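As the structure is a prediction and not an experimental result, all values here were calculated from the model. Nothing fancy with the numbering, it's 1 onward along the sequence.
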Amino acid sequence: MKRGDVVRGGGVVALLAARGARTHRRAWAAVFAALALGSLLLGTLGLAAASAALGHARVERYAGADAVVAGTQSTRYTAKPWGGEARTVRAGLTERVRVPARALDVVRQVPGVRAVIADVAFPVTARTDSTAGALTGRPWEATRLASAPARLSEGRPPTGAREIVVGEGVARAGDRLSIAYGTGSATYTYTVTGVSADAPRTVHFSPDESRRLADRAGRAGELDAIGVIADSGVPDDVLRTRVRHALDAAHLRDVSAPHRAADDPAPLRVLTGDARGEAEFLAAAPARMPLLQVLASLASVVVLVGVLVVTSTVAQALRQRARELALLRAVGATPWQLRRAVGREVGRIAALAAAVGAVGAVPAYLALRALLVGRGAVPEGLELPFPPWLAAAPLGTAGLMVLIAWLTALGCCARAARVRPAEALREEVPGSARRLTGCVLLGLGAASAGAGALQHGAAAAAAASASALTMVIGCALLGPWLARGAMRVLGAPMRRLGVGGRLAASACTANAARLGAAITPVVLVTAFVLVQLAGGATLGHEAAAQARDAARADVAVSGPGVPYDAVERIRRLPGVAAATAVAHGTVVVPGKELGEPGLERLPVLGVTPRSLARTLDPAVREGSTDGLRPGTVAVGTDRARTLGVRPGDHVQLRFGDGSEARLRIVATYERALALGDFLFSYEELTRHMTAPPPVRVLAALAPGASPTSLSTAFPGARVERDPVPERVRAEDQALGDVLTALAVAAIGGFTVIAVLSTLTLISVGRGPELRQLRLAGADRRRLRRMLLLESAATATAGLSLGTATAALPLLAFALSAAGRLPWLPPGQGALIVAVVVLTTASATLLPARGALRGRYPVAAR
């Protein structure tokens with residue numbers, strides 16, 4: 001081929017692409033919308049993932065320190081997967097791992113260190129004549145580690161052993177205040193020398209008194225952290241290296257080291273820069289990895305659904321032009337020119353759509369971040385930075401969407417470019433290979449659902465998701481056959497609805513193959529959305545029911561006015577039949593999921609076991625919770641079945657501070673979805689927590705007794721009648737709720753686009769058919785009835801097949817995880833049906849308005 005021929009060929013390609021884009025604007029509008037939405041969602045998720053990867057804990061309390069020495073806030077577990085080398089997994093710890101006090105002298109000797117300041121927090125109870133409240137004690141000297149000196153609204157810092165600084169609203173300078181150490185009841189009187197405006201719930205002591213009180217609170221020889229202030233001119237990396245070498249030379253490890261697992265080392269950390277915030281906001285660092293994992297999972301769903309929808313819309317747009325493409329071949333267009341023309345046509349539209357989505361990704365991400373923060377899905381102290389250069393990240397995801405559209409276009413026009421022009425005019429009949437592949441995928445999905453029924457927790461959820469995904473793809477491949485079968489089933493009742501019904505049944509049967517392209521996205525959205533919504537809703541519904549059944553208390557006492565020893569004082573009040581203190585915490589359970597080592601973080605409860613069933617009934621099946629004390633644990637029946645244990649056996653797990661314990665099982669209980677898989681004694685759980693949590697006491701009253709005595713005994717406390725049922729919640733539940741809603745909205749948006757485009761193009765192509773029916777005597781009312789019945793048949797077939805596709809994995813998951821049938825809030829189910837019905841009806845009726853307008857049909861121009 002000569003050079004001039006190539007140039008002319010390129011001009012022909014450009015002309016065909018430009019004319020095709022202008023002529024088929026309606027067909028490409030759906031492709032544009034799908035690509036723009038996909039680019040917007042992927043760009044938003046990409047920005048969120050990049051921001052989370054750059055995220056760090058906010059630096060506040062230790063902003064004035066050049067370095068901070070802290071414990072290792074993570075735990076490791078090493079195991080050998082099936083048929084592989086040993087692997088090590090890591091999980092963050094959300095309770096403080098403390099530093100040995102002797103590290104102070106070691107760090108103080110490091111060259112370039114000007115000062116070291118110990119920081120330690122411990123529980124105290126401040127009591128006046130009328131109130132008593134749980135507070136936190138800290139040394140006044142530790143306020144030097146903040147970026148700005150602590151502000152005193154009145155008075156001076158404490159210097160003597162019996163002097164304190166309190167927050168505003170607790171007392172005034174010169175007042176005398178009774179302080180109870182730790183969680184005990186012995187009190188000592190202190191003089192308030194100053195009032196701080198920066199820490200309302202903190203009591204500051206002199207350094208010597210802080211050490212003595214921390215020892216009495218069970219923290220002897222332990223510090224929360226050590227702040228290091230360097231000499232002027234010492235770089236952070238040099239300081240970090242010197243302190244690191246000094247600690248290693250002294251063989252210092254954190255205080256939990258003797259209680260950690262053998263494969264879980266516990267060296268002290270030296271934090272500088274943004275990492276200093278990890279010593280204050282303990283939940284920030286462990287939250288980053290779950291956030292990244294959830295975003296990656298959501299992005300994979302968006303990519304999958306986007307590919308299916310883009311493929312469907314592009315294929316439908318090109319299928320409407322089969323005769324045009326065949327005519328181009330007949331007049332001499334080469335396969336290369338045809339591919340290039342279609343590829344360039346789609347490429348132009350895809351580039352513009354992806355660019356629009358990429359531009360909108362930045363404000364969409366900012367809105368998503370605000371939503372996550374507002375809903376409490378981002379833990380306190382976690383900073384999600386957004387540097388200016390990150391705004392260019394959506395361009396990468398936009399390029400991915402352009403590539404998907406271009407490859408789809410080349411694949412869709414391959415047949416027209418490959419076969420002879422006469423053969424290209426025939427509608428392609430799906431082959432047996434497609435049918436076989438679809439049947440195999442349905443079988444694999446059913447097998448995955450069966451495997452999920454034998455799993456527990458995350459493994460069951462993963463199996464349900466995999467089963468739904470496999471079966472949806474199988475239904476997409478079997479779309480023409482499923483549509484034909486559905487229309488045959490629905491055709492019989494439609495034929496009984498008069499002339500309009502008979503016309504609709506005949507049209508659905510004749511167009512079953514094309515309607516399959518519209519039914520497939522309805523199946524997709526129904527199955528995906530049902531699995532996403534009903535899975536979580538089933539667990540939540542059952543957990544709420546268990547929590548209501550477990551609730552036996554008449555009142556709950558909580559709030560800042562409740563001292564740490566409140567449960568004993570409440571038991572002694574007249575009219576109180578039983579009282580239980582409740583604490584929420586977490587444990588980390590090592591084990592294997594599908595052969596892979598894993599560390600599962602679980603929410604748990606700590607309770608005082610005395611008369612527990614009268615305030616919080618876990619529905620004990622074996623053993624008794626009366627034996628709950630340090631060294632023992634009660635286990636939920638499902639978890640006990642998974643572990644293969646029963647009362648009298650032992651279970652090994654790790655607490656929130658990394659300490660490993662081998663605990664004897666004293667009972668198994670049923671209501672684990674509400675109360676957690678493990679139930680500890682209050683003393684056992686709180687000894688491994690950063691500080692005793694705010695006290696919440698559940699109380700059962702004697703018949704005829706009034707809760708007035710509780711309000712009188714604890715002024716300022718909140719006394720709830722018929723309290724909210726106690727229930728554990730996963731740390732990332734708020735994050736999962738927000739992103740699940742986003743996933744459902746994304747799938748719904750893609751589906752609306754796919755169904756609208758497919759049915760619109762089908763309806764546009766049926767214009768001559770509708771005009772011919774009017775000329776043959778069918779009036780507008782009958783034709784409108786026919787179209788409504790067709791849309792109803794499409795919606796019914798899609799919803800039925802989607803529900804059937806989701807039913808098997810949902811049933812397996814619900815029976816395994818909740819022991820009940822799947823459940824979905826009626827409002828959410830009605831919303832799914834309404835969206836599908838309105839979409840199919842709009843896409844069927846609106847394009848047919850031209851053929852139904854006027855007394856006599858007008859030929860299309």
Under a 3.5 Å distance rule, please check whether Ser39 uses its side chain to pair with a backbone N or O of Ala36 as donor and acceptor. no
Counting only heavy atoms not in Glu380, do more than 12 sit closer than 6.0 Å to its CD atom? no
Does the side chain of Pro387 reach to within under 4.5 Å of the side chain of Leu54, using non-hydrogen atoms? yes
Evaluate the criterion side-chain contact (heavy atoms from CB on, under 4.5 Å) for residue pair Thr94 and Arg601; output intermediate values, then yes/no. CA-CA 10 Å; Thr94 55; Arg601 185 185 289 112; 4.3 Å; yes
Looking only at non-hydrogen atoms, find the nearest pair between Ala795 and Val836 and report the distance. CB-CG1, 3.9 Å
Residues Ala393 and Leu47: closest non-hydrogen pair is CB-CD2, 4.0 Å
Check whether any side-chain N or O of Thr803 sits under 3.5 Å from a backbone N or O of Leu799 as a donor-acceptor pair, and report yes or no. yes
Check: Thr526 and Thr805 side chains under 4.5 Å, non-hydrogen atoms: no
Closest heavy-atom pair and its distance - Pro590, Val588: CD-O, 3.6 Å
Which pair of non-hydrogen atoms, one from Pro379 and one from Ala284, has the smallest distance, and what is that distance? CG-CA, 4.3 Å
Which is it for Tyr62 and Leu271 under the side-chain contact (heavy atoms from CB on, under 4.5 Å) test, yes or no, and what are the steps along the way? CA-CA 10 Å; Tyr62 303 117; Leu271 309 174; over 6 Å; no
To the nearest 0.5 Å, what is the distance between OG1 on Thr538 and CG on Leu810? 6.5 Å
Which pair of heavy atoms, one from Asp236 and one from Gly273, lies closest together, and at what distance? OD2-N, 4.4 Å
Hey, are the side chains of Pro388 and Phe386 touching, using non-hydrogen atoms and a 4.5 Å cut-off? no
Just wondering, do Arg61 and Asp119 contact through their side chains at under 4.5 Å, heavy atoms? yes
List the steps and the verdict of side-chain contact (heavy atoms from CB on, under 4.5 Å) for Glu278 and Gln73. CA-CA 9 Å; Glu278 296 179 15; Gln73 291 293 149; over 6 Å; no
Verify the distance criterion only: is there a donor paired with an acceptor across the side chains of Thr794 and Thr840 at less than 3.5 Å? no
For Thr75 and Arg654, test the side chains for any donor-to-acceptor distance below 3.5 angstrom and give the result as yes or no. yes
When you measure from the side chain of Ser300 to the backbone of Ser297, do you find a donor-acceptor pair of N or O atoms at a distance under 3.5 Å? yes
Are any of the side-chain heavy atoms of Arg76 and Val89 separated by less than 4.5 Å? no
With the side chain counted from C-beta on, respond yes when His584 and Leu605 share a heavy-atom pair under 4.5 Å apart, and no when they do not. yes
Got a second to check how far Phe32's CZ is from Ile753's CD1, nearest 0.5 Å? 10.5 Å
Take Leu239 and Asp66 through the test side-chain contact (heavy atoms from CB on, under 4.5 Å) and record every step on the way to the result. CA-CA 8 Å; Leu239 177 65; Asp66 297 296; 3.7 Å; yes
Rounded to the nearest 0.5 Å, the CZ atom of Arg90 sits from the OG atom of Ser74 at a distance of 4.5 Å
Heavy-atom closest pair, residues Ala70 and Ala279: CB-CB, 4.1 Å
Residue pair Arg240 / Thr272, side-chain donor-acceptor N/O under 3.5 Å: yes
Straight-line distance of Tyr365 OH to Leu371 CG, nearest 0.5 Å: 12.5 Å
Quick check: do Val728 and Val604 have side-chain heavy atoms less than 4.5 Å from each other? no
Using 4.0 Å as the upper bound for N to carboxylate O, is an ion pair formed by Asp274 and Arg58? no
Looking at Ala543, is its backbone amide N or carbonyl O close enough to the side chain of Arg727 to form a donor-acceptor pair, meaning the two atoms are under 3.5 Å apart? no
For the atom pair CG (Leu45) and CG (Leu742), what is the distance rounded to the nearest 0.5 Å? 6.0 Å
Please check: side-chain N/O of Arg288 versus main-chain N/O of Ala53, any donor-acceptor pairing under 3.5 Å? yes
Basic-acidic side-chain contact under 4.0 Å: Asp737, Arg375: no
Does atom CH2 (Trp406) have a neighbourhood of more than 12 heavy atoms from anything else shown, all under 6.0 Å? no
Quick one, Leu530 and Leu824 - any side-chain contact, counting heavy atoms below 4.5 Å? yes
If I take atom CG from residue Asp657 and atom OG1 from residue Thr690, how far apart are they, to the nearest 0.5 angstrom? 8.0 Å
Verify, without hydrogens or angle tests, whether Thr586 (side chain) and Pro603 (backbone) share a donor-acceptor contact under 3.5 angstrom. no
